[in-house]
Colleague: 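Structure provided below as structure tokens; questions to follow.
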Amino acid sequence: MTIAQKKRSLMTQVAIIGAGPTGATLALLLVRQGITVKLIEAARDFRRVFRGEALMPSGLDALEQMGLTELLAEVPQTALSGWEFFLNERPLFRVAEPMFGDKPCTLVSQPHLLEAIVKQCQAYPEFELSLSTPVRDFLKEGDRVTGVRLADGTKITADVIIAADGRNSIMRQRAGLELKTQAHSINLLWFELEAGSLFEKENTFCSILQDRDGFGCFRSSQGKLQIGWGLHPEDDLDLDWKQIDWQQMLVANSPPWLAKHLQIYGNTISNPILLSVIVGFCPRWYIPGLLLVGDAVHPMSPIRAQGINMALRDVIVAANYLIPLLQAKVDRQKIDTVLPNIQSDRQPEIIKIQQLQDRELLQAKILRSSSLIRWGVKQFISLLRPAIRYSWLRRQKQLRHGVTTVRLASDAQEMY
């Protein structure tokens, strides 16, 4: 074998595909325990146009268990002050943060968070990062995945491959793992504009429904106003949304205080980015030698920002099962025997959370589909407000904390 060939054939204990929050945090937990990890990312950096940034108490708790509280404090962030809902320009109800005496939902700059986590990983000799290198295919011995082939021809063999490459996972497709999608998905058009002083003191996440049109807005961790406009399957998709005057459209569908802001800062509104939202669940999360985690195996709805939070909890469970085996350098087939356990531990919570998200979406769908119901709610809002608020709050505790207990085993934690 020539020197060039040796450079193009590498071996590691774990190859992680995708350097988002899922892949980066799992890499950190593994290298802390002396396990060699190759983290592979198709993009050249972490600064994608759109990244979810809302951490619920469940996600904040997961990062705390990973020993990342101090790191998180150094990342640009802002806590939400509350959630407010508007129907046809009138306030429907408001709930203050933090709820239930917990930590508030916190918006964190994901690119800065990823850069900080990867920097910690790079302090360990067991870690290697590969950017701008998409995976082209698996390497196999019989039915078992033993590695990956990169676009530049490099072959990486590993004891186990972890696919954390997001909702459009190439690894899921290569593995032939079925994704059962939900019927109630929505797509989003995402805008960003100058926030000025809006939400500067109280950063409220506002959900606004004006007749059949609905959108959410809040101040991001970077101090920009972000707006997500819902595109529903029943909408007239023949309408070319690229040709719409979005400043005028948003002004027409906003409460007066927001309409005024949009009129002042309308020239800073970015062109809309279409986010195709896939929501689903894989009945099987693994094949021999390969495990899928996070959005790669259970893409979540954007409702209440569950994607990153559920993924971080996947990481903890995967680390608990894999670290003892990888440290002991057991036979690869032994690793395969625990992959079903990771799925069985995580599956109940994912299914329940997706059901709760679907109920949130269904409630909004009922309002937007019936002008009579919207009229009735508006006419009797003072009578209906307590019941509507209670119904919404009842779902939030589990959406904030999850529905199962997830604890990082002591041998997976950083030694202080």
Colleague: Treating E41 as the side-chain partner and A43 as the backbone partner, does any N or O pair qualify as donor plus acceptor under 3.5 Å?
Modeller: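 Flag set: sc E41 to bb A43 pair under 3.5 Å.
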
Colleague: Nearest 0.5 Å, what's the CD1-CD1 distance between I342 and I316?
Modeller: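 Atom-to-atom, I342:CD1 and I316:CD1 are 13.0 Å apart.
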
Colleague: For E53 and S221, test the side chains for any donor-to-acceptor distance below 3.5 angstrom and give the result as yes or no.
Modeller: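 The answer is yes; a qualifying pair exists.
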
Colleague: Please check if any side-chain donor atom of Q65 sits under 3.5 Å from a side-chain acceptor atom of D61, or the reverse.
Modeller: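 Side-chain D/A pair, Q65 to D61: present.
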
Colleague: What I'd like to find out is whether the side chain of E349 reaches to under 4.5 Å of the side chain of K352, using heavy atoms alone.
Modeller: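 No; the side chains remain at least 4.5 Å from each other.
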
Colleague: Please report the interatomic distance SG(C206) to CZ(F85), rounded to the nearest 0.5 Å.
Modeller: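 One finds 9.5 Å between SG of C206 and CZ of F85.
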
Colleague: Is the number of heavy atoms from other residues, nucleotides or ligands under 6.0 Å of Y390 OH greater than 12?
Modeller: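 Not more than 12 within 6.0 Å, no.
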
Colleague: So, for Q77 and L72, which heavy atoms are closest and what is the spacing to 0.1 Å?
Modeller: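 Taking every non-hydrogen atom into account, NE2-O, 2.7 Å.
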
Colleague: Would a distance-only check, ignoring hydrogens and angles, find a side-chain to backbone donor-acceptor pair under 3.5 Å from Q306 to L399?
Modeller: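 It does hold such a pair.
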
Colleague: Is there a side-chain contact between L193 and H261 (heavy atoms, below 4.5 Å)?
Modeller: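 A side-chain contact exists here, since the closest heavy-atom pair is under 4.5 Å.
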
Colleague: How about L63 and V108: do any of their side-chain heavy atoms sit closer than 4.5 Å?
Modeller: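 L63 does not reach V108 side chain to side chain.
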
Colleague: Can you list the steps and then say if T12 with E128 is a side-chain contact (heavy atoms from CB on, under 4.5 Å)?
Modeller: CA-CA 9 Å; T12 185; E128 185 177 357; over 6 Å; no

Colleague: Does a sphere of radius 6.0 Å around CD in Q248 hold more than 12 heavy atoms from other residues, nucleotides or ligands, not counting ones at 6.0 Å or beyond?
Modeller: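 No, the 6.0 Å shell around CD holds no more than 12 heavy atoms from other groups.
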
Colleague: State whether the side chain of Q343 and the backbone N or O of L339 hold a donor-acceptor pair below 3.5 Å, judged by distance alone.
Modeller: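 The answer is no, because no donor-acceptor pair under 3.5 Å joins these two groups.
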
Colleague: Please answer whether the main-chain N or O of I388 pairs with a side-chain N or O of S391 as donor and acceptor at a distance below 3.5 Å.
Modeller: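 Not at all, since once roles are kept as given, no pair shorter than 3.5 Å links the two residues.
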
Colleague: Of all residues at least two apart in sequence or in a different chain, which pass the side chain to side chain contact (heavy atoms under 4.5 Å, CB included) check with R284?
Modeller: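 Testing R284 for side chain to side chain contact (heavy atoms under 4.5 Å, CB included), a comparison that skips the adjacent residues, returns L177, Y286, I287.
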
Colleague: Which heavy-atom pair separates A163 from A296 by the least distance, and what is that distance?
Modeller: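 The pair with the smallest heavy-atom distance is O-CB, 3.8 Å.
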
Colleague: Under a 4.5 Å cut-off applied to non-hydrogen side-chain atoms, are V403 and P348 in contact?
Modeller: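 Not in contact.
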
Colleague: Less than 4.5 Å apart, any side-chain heavy atom of N271 and any of W246?
Modeller: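 No, their side chains stay 4.5 Å or more apart.
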
Colleague: Can you classify the ring geometry of W257 versus F86 as parallel (below 30°), tilted (30 to 60°) or perpendicular (above 60°)?
Modeller: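 Tilted.
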
Colleague: Verify, without hydrogens or angle tests, whether N88 (side chain) and D211 (backbone) share a donor-acceptor contact under 3.5 angstrom.
Modeller: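 Between the backbone of D211 and the side chain of N88 there is a qualifying donor-acceptor contact (under 3.5 Å).
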
Colleague: So do the side chains of D314 and V406 get within less than 4.5 Å of each other, counting heavy atoms only?
Modeller: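 Not in contact.
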
Colleague: Is the backbone of T36 close enough, under 3.5 Å, to the side chain of Q13 for a donor and an acceptor to pair up by distance?
Modeller: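 Yes; judged by distance alone, with no hydrogens or angles, the pair exists.
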
Colleague: Which is it for I308 and M300 under the side-chain contact (heavy atoms from CB on, under 4.5 Å) test, yes or no, and what are the steps along the way?
Modeller: CA-CA 9 Å; I308 184 174; M300 310 296 287; over 6 Å; no

Colleague: Any sub-3.5 Å donor-acceptor pair from Q354's side-chain atoms to P299's backbone N or O?
Modeller: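 Looks like yes, one N/O pair under 3.5 Å.
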
Colleague: Counting distance only, does the side-chain N/O of S58 pair as donor-acceptor with the main-chain N or O of R400 below 3.5 Å?
Modeller: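 Pair found, side chain donor or acceptor close to backbone of R400.
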
Colleague: For Q122 versus L129, what's the shortest heavy-atom pair and its separation?
Modeller: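 Shortest heavy-atom separation between Q122 and L129 comes out as NE2-CD2, 4.0 Å.
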
Colleague: Would you say the side chain of V377 lies within less than 4.5 Å of the side chain of L92, judging by non-hydrogen atoms?
Modeller: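 Of all side-chain heavy-atom pairs linking V377 with L92, at least one is under 4.5 Å.
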
Colleague: Working to the nearest 0.5 Å, report the span between CG of L275 and CG of L231.
Modeller: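 Between atom CG of L275 and atom CG of L231 there are 10.0 Å.
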
Colleague: In terms of the angle between their ring planes, are W83 and W392 parallel, tilted or perpendicular, with boundaries placed at 30° and 60°?
Modeller: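 W83 vs W392 ring planes: tilted.
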
Colleague: With rounding to the nearest 0.5 Å, note down the distance linking CZ in R395 to CG in L356.
Modeller: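 Nearest 0.5 Å value for the CZ-CG distance: 8.0 Å.
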
Colleague: Any sub-3.5 Å donor-acceptor pair from E126's side-chain atoms to Y124's backbone N or O?
Modeller: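 Not a single qualifying donor-acceptor pair exists.
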
Colleague: Kindly check if the number of other-residue, nucleotide or ligand heavy atoms within 6.0 Å of NZ (K397) is above 12?
Modeller: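 12 or below, so no.
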
Colleague: Does T157 reach the side chain of L139, with side-chain heavy atoms less than 4.5 Å apart?
Modeller: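 Touching, per the 4.5 Å side-chain cut-off.
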
Colleague: Please report the interatomic distance CD1(I40) to OG(S132), rounded to the nearest 0.5 Å.
Modeller: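 So the CD1 of I40 and the OG of S132 are separated by 13.0 Å.
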
Colleague: Ignoring hydrogens and geometry, is there a side-chain-to-backbone donor-acceptor pair from T22 to A164 under 3.5 Å?
Modeller: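 Side chain of T22 to backbone of A164, a donor-acceptor pair under 3.5 Å: no, none is there.
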
Colleague: Do you know which of D165, L290, V297, L292 makes side-chain contact (heavy atoms from CB on, under 4.5 Å) with R172?
Modeller: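 In the set D165, L290, V297, L292, the residue that makes a side-chain contact (heavy atoms from CB on, under 4.5 Å) with R172 is L292.
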
Colleague: Salt-bridge test for E202 and R94: reply yes if a basic N is under 4.0 Å from a carboxylate O, no otherwise.
Modeller: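 Salt bridge present between E202 and R94.
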
Colleague: Can you see which heavy atom on L393 is nearest to which on F100, and at what distance?
Modeller: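 Closest approach of L393 to F100: O-CZ, 3.9 Å.
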
Colleague: Provide the closest heavy-atom pair for G59 versus L312 in the form atom of the first, atom of the second, distance.
Modeller: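 Residues G59 and L312, closest heavy atoms: O-CD1, 3.8 Å.
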
Colleague: Go through the steps for R304 and Q357 under the test side-chain contact (heavy atoms from CB on, under 4.5 Å), then give the verdict.
Modeller: CA-CA 7 Å; R304 303 299 159 258; Q357 289 182 308; 5.5 Å; no

Colleague: What's the spacing between W285 CH2 and L291 CG if we round to 0.5 Å?
Modeller: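 These two atoms lie 8.0 Å from each other.
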
Colleague: One pair to check against side-chain contact (heavy atoms from CB on, under 4.5 Å): R313 and N309. What are the steps and the verdict?
Modeller: CA-CA 7 Å; R313 289 161 72 83; N309 297 283; 5.6 Å; no

Colleague: More than 12 non-hydrogen atoms from neighbouring residues, nucleotides or ligands closer than 6.0 Å to CD on Q173, yes or no?
Modeller: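 Above 12, so yes.
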
Colleague: Is there a donor-acceptor contact under 3.5 Å linking the side chains of Q396 and E360?
Modeller: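 Yes, a side-chain donor-acceptor pair sits under 3.5 Å.
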
